[in-house]
Amino acid sequence: MKKNFLWVAILAALTLVLGACGFGGGDEKSEDSKSDGKTLNLSIASEPPSLHPQLATDTQSGSILNGVFEGLTRVDEKGEVENAIAEDVKVSDDKLTYTFTLRDDAKWSNGDQVTAGDFEYAWKWALEPKNASQYSYIFYAIKGAEAYNTGKGKADAVGVKAIDDKTLEVTLNNPTPYFLELTAFYSYMPINKKVAEKNDKWYADAGEDYVTNGPYTLKEWKHNDKVTLAKSDSYWDKDSVDVDTINIAMIESSATASRMFESGDLDFLGSPFQSVSLDKIDTYKKDKSLQISDIASVYLYKFNTKDDVMKNKNIRKALTLAINRQGLIDNVIKGEQKPANGIVPMSINGWDSQQTFFKDNDMKGAKEALAKGMKELGIKNASDINIKLSINTDEAHAAIAQYVQEGWHKNLGVNVTIDNSEWQVYLDKVDGGDFEVARMGWTADYNDSTSFLDLYTTADNGNNQTGWESKEYQSLMAKAQKETDVEKRLAFLQKAEAVFMADYPAAPIYDYTSLFVVKDGITGMEPDVLGNINLKDVKIAK
Amino acid sequence: MIKYIFKRLLYIVAALFVIVTLTFFLMRIAPGSPFASEKSLPPEIEAALQEEYGLNNPWYIQYKDYLVSTAQFDFGESMKYKGRSTNDMIAESFPISLTLGVEAMILAVGLGVLVGVITSLYHNRFPDYLGTTIAVLGISVPSFILAGLLQYFVGLKMQLLPISGWNGFIYSIMPAFAIAVTHMGFIAKLVRSSMLEQNSSEYVKMARAKGLGKWTTVFKHTLRNALLPVVTYLGPLFAGVITGSFIVEQIFAIPGLGKYFVTSITNRDYTVIMGTTVFYSIILLLAVLIVDIIYGLIDPRINLKGGKK
C-alpha cells in the first residue's frame with residue numbers, strides 16, 4: 001500500500017506539471033502569424049506600471065501609449081509638430097486660446113467617433129484630485145487646471161471645452177509656445193468616455209474595453225511577460241503604418257536582452273526599449289553598429305546651500321570647476337555624452353545659442369575660488385573640509401562619484417566620502433535636506449527650457465532640493481511667462497539660467513545621450529530629444 | 001492524527017499573525033513611499049494618493065485593516081501597478097513558478113538520489129569521487145552564474161534552447177536545471193552520508209547475507225531509511241522552489257512570482273509585500289506540516305500523537 005502511495009505521489013506531481021498549463025503554450029499560433037506580416041520585436045525592462053494615458057509616468061509606458069493612442073498633435077522624427085487627431089489648429093492673437101478642429105475620420109478601435117468630448121473628459125479626469133494622476137501638473141498651463149487639481153477650484157472653471165463633437169477650445173493662463181508639443185504628450189491623449197464611464201478599470205488589461213485611437217491596438221497584455229501591439233484597422237492614417245505586429249517582451253536583465261539581440265530574437269536595444277548594457281558599448285562601437293542621439297536630459301550634482309560649508313558660493317564654484325567632465329565621459333561612462341555647462345541641456349529648443357558659464361576642468365580657477373571660499377569661512381587647510389557626496393546605489397553612479405571624488409581630493413585637497421543609499425532612502429534624505437552634495441538627473445517633459453528652469457523658481461519646489469532661490473531669477477521667469485514674442489522670451493529664459501549658474505547651486509556634469517543598436521533594414525527607431533520612440537514611423541524593409 | 005493536524009493548523013494561524021505583524025512594522029519603519037519618484041509630486045496629489053490607499057490613517061487603523069484583509073485573503077490593489085489587484089498578480093504568476101518549481105524538484109530529487117546512491121555504493125572509488133565532485137560543484141556554483149553560462153553557451157552559441165521567455169516546455173528546461181543543480185548537490189550529499197550509515201548496519205548485512213543483490217537491497221531496504229533526512233529537507237525546499245527564484249526569473253525573463261518578493265520591497269508596494277509574504281508563509285508552513293505527516297507514513301517509528309499512547 002505504501003508503494004502505491006509513492007506512485008500516486010509521483011503521478012500527482014507529474015500531473016501537476018503537465019496539467020497546470022503553466023507553460024503558457026498555445027502560443028504557437030502567434031508564432032505562425034509572424035510570417036504573414038512585418039513584425040518588430042522589442043523588449044522593455046519591466047511590466048509597464050500603467051497603460052492609462054493619464055496615469056502613466058514612465059517612458060516605457062509612454063512609448064507604448066504613443067503607439068496605441070494619439071493626441072491632437074504628434075511630434076515627428078525631426079522634432080517638428082504635426083497635426084494628428086486635430087485637422088486644424090487656430091491660435092488667438094494673444095496666444096491664449098487654442099481652437100482644435102478634429103478629423104472626421106478619427107475613430108476609436110471599437111468604431112466610435114473620436115470626439116472633442118473624449119479629450120475634455122480625459123484631461124479633466126487627470127485633473128480630478130481623486131484620481132491622483134501623478135503627471136497632472138503637465139496640464140497646469142491650462143486656465144483653472146491647477147486650482148481644480150489642488151482642490152481649490154471647480155471642474156467647470158477649467159479652460160477646456162468641447163464646443164461640439166468636432167471642436168475643442170482650450171484657454172491657457174499664459175502664452176505657452178510649446179503647447180502644441182504638450183498636446184502630443186501621452187498625458188494629453190484622449191480616452192473613450194463611453195467605455196471609461198462604464199468600466200473604470202478598462203485600462204488594467206487588453207481586451208474589448210481597452211479602446212484606443214492610435215496606429216496600433218493593444219492586442220495582448222500578458223502581465224510581466226509581454227505586450228503585443230497590432231496594426232489598427234480603424235486608424236485614420238493606417239496606410240502610413242508599415243509594421244503589422246509589435247511584440248514587446250519584458251526582459252529585466254540587460255545581459256539577457258543583449259544575448260537575444262545577438263541571436264536575432266530582438267530587433268532593437270536602447271532606451272526606453274531596454275538598453276545597451278555598459279559592457280557591450282565597446283563591442284558595438286567597434287563593429288560600428290552603435291548609434292547615438294542627443295537627449296534632453298541632464299546629470300548633475302546638487303549642492304545643499306543650507307549646509308555649513310556648501311552655503312559658500314566660492315566653495316561650490318571650486319567644486320563645479322574641478323570636475324574633468326570630458327575625462328569622465330571618455331574613461332568612465334563612455335556613451336559619447338556631452339559635458340554639461342548649465343542646467344538646461346544643449347539639445348533643448350533654442351539652447352544651442354546659450355553662452356558658456358565655466359570652463360570644464362578649470363583647476364586654476366577652482367583653486368582660486370577654493371582659497372577665496374576658505375578665507376570667507378575661516379578655514380585654514382583644505383584638508384579640514386570634509387564633503388559628503390550622496391548617491392543612490394547603482395554601479396554607474398558609484399563609478400562617476402569615485403571619479404569626481406578622486407579629482408576633488410587630488411586637485412583641491414579636500415576630503416570626500418561617498419554616502420550611498422538605496423533609492424527610496426536616498427530620496428528621503430535628499431528631500432529632507434540631509435546631504436551636502438547629491439546626484440540628481442532631470443529629463444525634459446517637453447522640449448522647452450522651462451521644463452528645467454521651473455524647478456528653481458522657489459526653494460519650496462519639491463524638485464529644487466538645493467534650497468536656493470533668487471528674486472532676480474523669479475522676476476526673469478515671470479517676465480518670460482507673460483512674453484508672447486518667442487525671441488524675447490528665449491532671452492529672458494537664457495538670462496535666468498545665467499543668474500542661476502552665477503551662484504553655482506548645482507554642478508552640471510553631462511547631458512545624456514541615447515545609445516541604441518538596431519537590426520539592419522529597420523528605420524524610424526531613433527528616439528527624439530525627449531527620448532520617445534514614435535512607433536508609428538517605424539519601417540521594415542523586406 | 002486528526003487532533004495533531006488540527007493543533008498544528010492552530011500553530012500556523014498563530015505564526016501567520018506574528019509574521020503579518022512583523023512585516024507590517026518592518027515595512028513601515030523602512031523610509032520611502034510607494035509614490036516616491038525623482039520628480040516630486042504636488043502635495044495635494046500626494047495627499048490624494050495617501051488617502052486612496054488609506055495611508056493617511058493612524059498606524060493602528062492601518063494595522064487593523066491589514067489584519068482584516070489578510071484574514072479575508074484580499075490584499076487589495078497594488079500601489080505601483082495601477083488597477084491590478086495583488087490577488088490577481090499572485091494568481092497569474094504562481095502557476096508559472098509552480099510548474100517551473102515542480103520540474104526543478106523532480107530533477108533535483110531524481111538526480112540527487114541517484115548520484116547519492118551511486119556514490120555510496122562505490123564508496124571511495126572512482127564513481128564516488130566523480131559524483132561527489134559533481135555534487136560539490138552543484139552546491140558551490142551559484143544559480144545566477146550557471147544560468148548565465150547556460151544561456152550563453154546553450155542558448156546563444158549552440159542555439160539549442162530558447163534564450164529567454166515562457167512559451168512552452170522547451171523554455172523551461174534551462175531555468176529548471178539552473179534552479180535544480182544546487183539542490184541536487186545537497187540531496188546527493190545527504191543521501192550519500194545516510195546511505196553510508198545504513199550500509200554498515202545489521203539489517204543491510206543480513207539482507208546481503210541472505211543473498212539479496214546490491215541494488216535490490218538498496219531499493220527494498222536501505223533507501224527507505226536513508227531518505228528520511230532528505231524528506232526533512234524537501235519541505236522548505238519545496239516551499240522555496242515553487243514560489244519562484246528572483247535571479248533565475250530575471251535572467252530568463254520568466255513571468256513568475258519570485259520577482260515580486262524583491263521588487264515589491266524596492267517599490268515599497270505595501271499591499272504586494274503583504275500579499276506575497278503571507279502567501280509564501282502559508283506555503284512554507286503547510287509544506288513543513290505535510291513533511292511531518294509524510295514522516296509518520298514512511299517511518300512507522302515516528303508517532304505523530306506524541307508520547308501519550
Side-chain angles (χ1 to χ4, degrees), chain A residues 2 5 13-14 16-17 20-25 27-28 31 43 46-50 52 55 57 129-134 136-137 149-151 201 203-205 222-226 249-253 255-256 259-260 262-263 265 422-425 427-429 431 440-442 461-463, chain B residues 30-33 35-49 51-52 80-84 88-89 92-93 95-100 102-103 105-106 148 151-152 155-156 159 162-169 171-172 249-256 259 263 266 268 297-298:
Chain A
K2 265 168 201 156
F5 175 78
L14 279 174
L16 253 178
V17 176
C21 261
F23 288 120
D27 251 58
E28 266 77 336
E31 301 279 320
S43 64
S46 67
E47 160 95 354
S50 173
H52 185 302
L55 288 177
T57 53
K130 216 173 68 225
N131 293 328
S133 159
Q134 301 194 28
S136 54
Y137 66 83
N149 191 225
T150 54
K201 291 270 181 284
Y203 55 91
D205 276 296
K222 271 193 178 171
H223 295 287
N224 261 308
D225 189 7
K226 64 179 175 193
M250 295 168 205
I251 301 171
E252 208 177 332
S253 149
T256 303
R259 285 173 197 146
M260 292 193 69
E262 276 170 51
S263 73
D265 295 332
E422 189 241 336
W423 177 235
Q424 295 261 356
V425 180
L427 280 178
D428 239 37
K429 275 191 190 171
D431 290 338
M440 271 295 157
W442 193 263
N461 186 317
N463 294 316
Chain B
S33 104
F35 320 116
S37 75
E38 202 145 11
K39 301 190 174 178
S40 83
L41 293 174
E44 291 83 6
I45 300 303
E46 194 156 0
L49 280 166
E51 199 184 317
E52 189 183 340
K80 170 91 177 172
Y81 299 101
K82 303 278 164 151
R84 306 255 293 131
D88 282 353
M89 287 162 80
E92 270 169 20
S93 55
I96 293 167
S97 292
L98 179 70
T99 315
L100 187 58
V102 171
E103 199 183 328
M105 282 282 287
I106 292 174
Q151 197 177 52
Y152 184 74
L156 180 59
Q159 303 268 345
I163 294 179
S164 82
W166 190 254
N167 277 320
F169 176 70
Y171 287 80
S172 70
E249 281 178 13
Q250 190 192 43
I251 293 175
F252 290 105
I254 294 163
K259 72 174 63 143
T263 53
T266 39
R268 302 290 189 277
L297 290 176
I298 56 176

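Hydrogens, waters and symmetry mates are skipped; everything else that's a heavy atom, side chains included, is used. All chains are named by letter (A, B, ...) in the order of the sequence lines, taking the proteins before the strands, and each is independently numbered beginning at 1.
Listed by chain and number, the residues in a salt bridge (charged side-chain N to carboxylate O under 4.0 Å, His left out) with A:Lys429 are A:Asp419 (sequence neighbours excluded).
Separation of atoms CD1 (B:Ile163) and CD (A:Glu262) is listed at 8.0 Å; rounding is to 0.5 Å. Taking OH of B:Tyr81 as the reference point, atom CG of A:Asn224 lies at 6.5 Å (rounded to 0.5 Å). Note that CG of B:Leu156 is 9.0 Å distant from CG of A:Asp265, once rounded to the nearest 0.5 Å. Note that CG of A:Leu427 is 9.0 Å distant from OG of B:Ser33, once rounded to the nearest 0.5 Å.
For the pair B:Thr263 and A:Glu47, the minimum side-chain heavy-atom distance is 4.5 Å or more. Side-chain atoms of B:Gln159 and A:Ser263, non-hydrogen and from C-beta on, do get closer than 4.5 Å to each other. Counting heavy atoms from C-beta outward, A:Met260 and B:Ser164 have side chains that approach closer than 4.5 Å. Under the 4.5 Å side-chain criterion, counting only non-hydrogen atoms from C-beta, B:Arg84 is in contact with A:His223.
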Between A:Thr256 and B:Gln151, is the side-chain contact (heavy atoms from CB on, under 4.5 Å) condition met? List the steps. CA-CA 8 Å; A:Thr256 303; B:Gln151 197 177 52; 3.2 Å; yes
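Residue with the most contacts toward chain A among B:Glu46, B:Met105, B:Arg268, B:Glu249: B:Arg268 (heavy-atom pairs, distance under 4.5 Å). Put simply, of A:Pro49, A:Ser46, A:Pro48, A:Ser253, the one with the most heavy-atom pairs under 4.5 Å next to chain B is A:Pro49. Of the listed residues (B:Glu51, B:Glu52, B:Lys259), the one with the most heavy-atom contacts under 4.5 Å to chain A is B:Lys259. Chain B forms the most heavy-atom pairs under 4.5 Å with one residue out of A:Asn131, A:Asn461, A:Thr57, A:Asn149, and that residue is A:Asn149.
For a residue to count as touching a neighbouring chain, one of its non-hydrogen atoms must lie under 4.5 Å from one of that chain's; by this rule B:Ser93 does not touch chain A. In this structure, chain B has no heavy atom under 4.5 Å from any part of A:Ser43. Contact of B:Gln250 with chain A is made through backbone and side chain together, with heavy-atom distances under 4.5 Å. Heavy-atom distances place both the backbone and the side chain of A:Asn463 under 4.5 Å from chain B. Looking at A:Lys201, only its side chain comes within 4.5 Å of chain B, counting heavy atoms on both sides.
Of all heavy-atom pairs between B:Ala48 and A:Pro129, the closest is CB-O, 3.2 Å. Summarising the geometry of A:Ser136 relative to B:Ile45, their closest heavy-atom pair is OG-CD1, 3.6 Å, with the distance given to 0.1 Å.
More than 12 heavy-atom neighbours from other residues, nucleotides or ligands sit within 6.0 angstrom of NZ on B:Lys82.
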